[in-house]
Each structure stands twice: as structure tokens, then as C-alpha cells.
There are 2 protein chains.
Amino acid sequence: MAALFLLVGRLTNIQTMLRNRHTNHTEVPEVVVLRLPIYVRVLNQLIDQGTDVISSHQLGELLQMTPAQIRKDLSYFGRFGKQGRGYNIEFLMEELRQILGIDQAWKACLVGVGRLGRAIINYPGFSPEGFEIVAAFDSDPAQSGTMLGNITVQEMSEVPDTIKERDISIGVVAVPSVEAQGVINILIEHGIKGILNYAPVAPQVPSHIIMRNIDPVLSLQSMTFYMKDLL
Amino acid sequence: MAALFLLVGRLTNIQTMLRNRHTNHTEVPEVVVLRLPIYVRVLNQLIDQGTDVISSHQLGELLQMTPAQIRKDLSYFGRFGKQGRGYNIEFLMEELRQILGIDQAWKACLVGVGRLGRAIINYPGFSPEGFEIVAAFDSDPAQSGTMLGNITVQEMSEVPDTIKERDISIGVVAVPSVEAQGVINILIEHGIKGILNYAPVAPQVPSHIIMRNIDPVLSLQSMTFYMKDLL
DNA sequence: GGTTGTGAATACATTCACAGCA
DNA sequence: TGCTGTGAATGTATTCACAACC
């Protein structure tokens with residue numbers, strides 16, 4: 001509810017306000033938010049292929065989901081389609097990017113520059129999507145001063161100033177499990193709003209902090225449930 | 001339904017059959033399966049701390065969820081607790097490991113030995129949990145023969161024989177997006193049952209194949225939805 | 001004709017609340 | 001007393017089905 005109220009407060013033109021009027025009293029389900037980036041991605045691919053209009057039915061085939069679900073999902077945010085035709089891909093994509101907040105750049109810091117942290121900092125997928133890692137920290141002072149690409153590793157004591165000065169809002173955590181909760185507490189204390197956690201634990205965060213866990217082992221462990229009887 | 005039927009077919013003693021009798025006619029929700037590995041992980045931590053019994057209420061505090069949900073989740077698989085006391089941690093963990101199929105070792109192959117693939121093969125979190133990458137492939141023949149740790153990179157043409165000979169059931173995909181669907185098709189064609197996909201696309205797979213996507217960018221993009229109005 | 005957007009209907013997941021037991 | 005296991009109740013998400021429109 002709060003998120004939506006702020007959303008409306010942020011809208012810029014009357015057309016958009018009218019389009020979103022009906023959402024004022026309905027919370028957007030989180031599953032819907034989780035699907036929006038998937039829509040953006042497939043729309044991107046369609047643009048590359050030169051397509052310019054698509055129906056919910058066609059989208060559903062591409063994404064293996066029902067057309068009704070796609071239409072319903074989009075309806076939480078506005079009316080983006082044209083009856084009889086479908087959705088203008090470029091327009092829909094831009095709208096979704098704005099809704100998700102990925103029409104702007106986001107700055108992140110990395111904590112933990114071990115093997116995993118180095119892989120993350122070298123991952124080429126973040127910056128094209130507007131996520132830039134602009135600082136790196138490690139609890140081991142011996143790492144301090146090391147260069148990783150164009151980033152200098154800093155000591156944990158520099159976290160507060162760096163977050164403030166560089167306007168960092170996302171913390172990427174790649175430290176050993178036992179250190180994760182402590183590191184996350186520090187990041188939150190100094191104004192980080194979102195955590196991307198690679199440590200294989202489930203840290204506790206206050207409800208106003210958004211956390212996402214990347215955990216391939218958990219994924220595998222839920223996969224084998226369905227595989228174990230097939231062999 | 002099929003999965004459960006097979007589950008029952010696999011049970012070894014009458015006690016376990018009776019325990020699971022009530023599940024015969026109820027499909028286990030997928031969300032429940034996704035939570036089981038999280039339970040296993042926290043139980044592991046509790047064992048390390050020397051705890052031996054825990055109540056659903058205490059577990060709920062640790063995992064930030066309601067005791068009722070934990071009890072309900074477990075009830076899909078059996079009766080593991082004792083009234084008035086709670087759950088024996090070691091026993092519950094072993095049961096869950098068996099249910100998930102992670103009481104056995106699983107062999108995986110990696111496709112794509114670029115930066116990401118190398119990071120995956122070096123990730124130390126898989127083998128302690130019983131997931132071992134025993135082969136690696138790359139579509140670039142120039143990579144063939146390269147050693148990564150103790151694994152020799154092979155050509156794609158060797159996929160069929162290697163999967164069969166080494167009894168590999170999981171494919172880890174770390175190739176560029178455009179190649180992902182093709183690679184996944186090949187893996188499935190040669191008997192792979194589960195796919196751990198790191199390519200930022202949503203490949204299509206037949207319903208009997210289990211796929212999990214690891215995609216930090218999608219996670220970030222759904223995170224910013226909740227962050228964009230807080231700044 | 002084709003397709004959207006959306007209330008209503010259905011299906012699914014979570015939580016409640018309490019009987020039953022240690 | 002304290003806790004589990006579970007039907008019933010509630011809350012959410014998905015799907016249906018159709019009026020409105022191009």
C-alpha cells in the first residue's frame with residue numbers, strides 16, 4: 001500500500017495518473033513484481049528481432065504462461081495495450097522499466113573480495129542493465145588497497161563515508177556465512193536500502209530493507225526432489 | 001501426483017509408509033519443496049551449535065515465518081515431531097535430506113568455461129553438499145583440452161558419451177544467452193534431468209525437466225521496484 | 001475478426017484454532 | 001503444561017469468460 005501510494009505521488013502526467021488510478025486501493029502482489037523483469041527481458045529480445053507489436057497470447061507462448069496472467073499482471077499498473085492489436089513492445093518496455101525503477105542507474109558496493117566477490121565484480125551483466133559496483137570492501141585489512149578492475153578495495157571502516165559520499169543504495173554481500181549477518185547489519189545501519197546476498201544463509205533484515213538471495217545450492221536441493229525418483 | 005506416487009513406491013519400511021499415507025492423495029505444493037532446503041540449512045547450523053531439539057515456534061523465529069507454516073509444510077511428508085517437546089533436529093534433518101534426495105551424491109556437467117563458468121567450477125559450495133561437477137564442455141574447440149582444476153574441458157561432440165558413461169544427471173549452463181537454448185536442448189536430448197541455468201534468458205524445457213535459473217540481474221530489477229520511492 | 005482489461009470464479013497457500021498426546 | 005498435526009477458515013493468486021473496443 002505504502003509503495004503504491006508513493007508510486008502515485010511520483011507520477012508526472014495526468015495520463016499516467018488516470019492510467020494508474022484504479023491501482024490506488026490494491027496492493028501489487030510480490031509475485032507480479034518478480035515477473036515484471038522477465039517481461040522486460042523478453043520484450044528486449046523482441047525489439048532486437050524487429051518485432052513491434054505483440055499479443056498477450058504470443059507473449060504467453062514465449063514465456064510459458066497464460067495470456068490471462070500477463071494481462072492481469074500488467075493491469076495492476078495501467079492499460080498498455082490496444083484491443084484487437086496487442087501491446088506496442090517499445091512502449092510497454094519503457095513503461096515497465098519506469099515502474100521497476102530500472103530507467104535510472106543504481107550504485108552498489110561489494111563486500112567480500114574472495115573468489116566469489118571477484119567473480120561478481122567481473123560479471124559483465126550488471127552495468128549494461130544500469131547496476132554499477134562502485135566500491136569494494138573486505139574485512140581482511142591485507143586486502144585493502146588491492147585493485148580489482150578499476151576499483152580499489154577498502155577497509156570496512158570506510159563503509160559509512162563511502163556509502164554516503166558515493167550515494168550507494170545497494171550492498172552486494174559475498175562474505176563467508178558467519179560474517180554475513182554482521183556485514184549486512186553494518187550496511188543497513190549506514191543507509192543501504194537493498195541487499196543482494198550471495199552467502200548461503202538467511203540473514204534477518206528489517207522489513208523496510210529489500211533482500212534477494214542468490215543461492216545455487218538451494219536451487220539444486222529443491223531440484224533433486226523432483227529428480228530423485230526418475231533415475 | 002506422479003512425483004508422490006513414485007515417492008511412495010520408493011519407501012522402504014512400513015513405518016515410513018504409514019507416516020506418509022496421508023500424503024497419497026495430496027500434491028505437495030512447489031513452494032513447500034522450495035522451503036525444505038532452507039529448513040535443512042538452519043537445522044545444520046543448530047546441530048553445529050549443539051542444540052538437539054527445537055519447536056516450530058523457535059524455528060519460525062529463526063526463519064522469520066509462522067510456526068503453523070513450518071508444521072504444515074512438514075505435515076506433507078510425515079510426522080516428525082513429538083507433542084510437548086518439538087522436533088529432534090538430527091532426525092528431522094536426515095528425514096528432510098532423504099525427502100529432497102540430497103542424502104545421495106549428484107553428478108553435474110558444466111557447459112561454458114568462460115569467466116562465469118570458471119567461477120562456477122571453482123565455487124567451493126557445491127561438493128560439500130553432494131553436488132559434483134565431473135565434466136566441462138565448451139563450444140569453442142580451442143578450449144578443448146584445457147585443465148580447470150582437475151577437469152579437462154571437452155568438445156560438445158563428447159557430451160552424449162560423457163553423460164552416459166559418467167552417469168551425469170544435472171547440467172549447469174554458463175554460455176552466452178544466444179547459445180543457451182541450443183545447449184539445453186542437447187543436454188536434455190542426452191538424458192540430463194535437471195538444468196541449472198546461469199544464462200540471462202528463460203529457456204523452454206519439457207515439463208519433465210526441472211530447471212532453476214540463477215539470475216542476479218532479475219533479482220536486482222525486482223528489488224528496485226521497492227527501493228525507487230524510498231530515496 | 002482479434003485482443004484487451006477486468007469482475008467473478010476457481011484454485012492454491014497460509015493461518016487459525018484446537019483435539020490429542022507426551 | 002507445551003507442543004504437534006491438521007481440518008476449517010481465511011487470504012492470495014490464477015484463470016475464466018465476456019463486455020468493450022479497434
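In what follows, every chain begins at residue 1, and chains take the letters A, B, ... in the order their sequences are listed. Because the structure is predicted, anything quoted here is derived from the model rather than measured.
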**Message:** Holding to ring pair (Phe, Tyr, Trp, His ring centres under 6.0 Å), I want the full list of residues that pass it with B:Phe126, two or more places apart in sequence or in another chain.
**Reply:** B:Tyr123
If you check every side-chain atom of [X], which of [options] has the closest atom?
X: B:Arg79; options: C:dT4, D:dT6, C:dG5; result: D:dT6
X: A:Ser56; options: C:dT4, D:dC3, D:dG5; result: C:dT4
X: A:Ser55; options: C:dG5, D:dC3, C:dT4; result: C:dT4

**Message:** Please check this pair: side chain of B:Lys228 against backbone of B:Tyr226, looking for a donor-acceptor N/O pair closer than 3.5 Å.
**Reply:** no
**Request:** Please confirm whether the backbone N or O of B:Gln204 pairs with a side-chain atom of B:Gln181, one donor and one acceptor, at under 3.5 Å?
**Result:** yes
**Min side-chain heavy-atom separation B:Leu92-B:Ile54 under 4.5 Å** = no
Could you state the atom-to-atom distance from [atom1] of [X] to [atom2] of [N] in whole Å?
X: A:Leu34; N: D:dA13; atom1: CG; atom2: P; value: 11 Å
X: B:Leu92; N: D:dT4; atom1: CG; atom2: C1'; value: 12 Å
X: B:Ile89; N: D:dT4; atom1: CD1; atom2: C1'; value: 16 Å
X: A:Lys82; N: D:dC22; atom1: NZ; atom2: P; value: 9 Å
X: A:Gln64; N: D:dT15; atom1: CD; atom2: C1'; value: 17 Å
X: B:Gln83; N: D:dG5; atom1: CD; atom2: C1'; value: 7 Å
X: A:His57; N: C:dG5; atom1: NE2; atom2: P; value: 17 Å
X: A:Ile70; N: C:dT4; atom1: CD1; atom2: P; value: 9 Å

**Asked** Side chains of A:Glu189 and A:Asn185: do they bring a donor and an acceptor to under 3.5 Å?
**Response** no
**Interface with DNA chain C, restricted to residues 44-54 of chain B and to heavy atoms under 4.0 Å** = none
Return all side-chain donor-acceptor pairs below 3.5 angstrom for residues 58-65 of chain A, not counting sequence neighbours, or 'none' if the list is empty.
{"residue": "A:Gln58", "atom": "OE1", "partner": "A:Ser55", "partner atom": "N", "Å": "2.9"}
{"residue": "A:Gln58", "atom": "OE1", "partner": "A:Ser55", "partner atom": "OG", "Å": "3.3"}

**Item:** Distance below 4.0 Å between B:Tyr87 side-chain N/O and D:dG2 OP1 or OP2
**Value:** no
**Fill in**
A:Glu179 meets the side-chain hydrogen bond (donor to acceptor under 3.5 Å, both in side chains) criterion, sequence neighbours left out, with A:Ser139
**Prompt:** Which residues pass the side-chain hydrogen bond (donor to acceptor under 3.5 Å, both in side chains) test with B:Arg41, sequence neighbours left out?
**Reply:** A:Asp215
**Nucleic acid footprint by protein, nucleotides 11-16 of chain C - heavy-atom cut-off 4.0 Å, B for base, S for sugar-phosphate alone** = --SSBB
**Prompt:** How far does CH2 of A:Trp106 sit from CD1 of A:Ile133, to the nearest 0.5 angstrom?
**Reply:** 15.5 Å
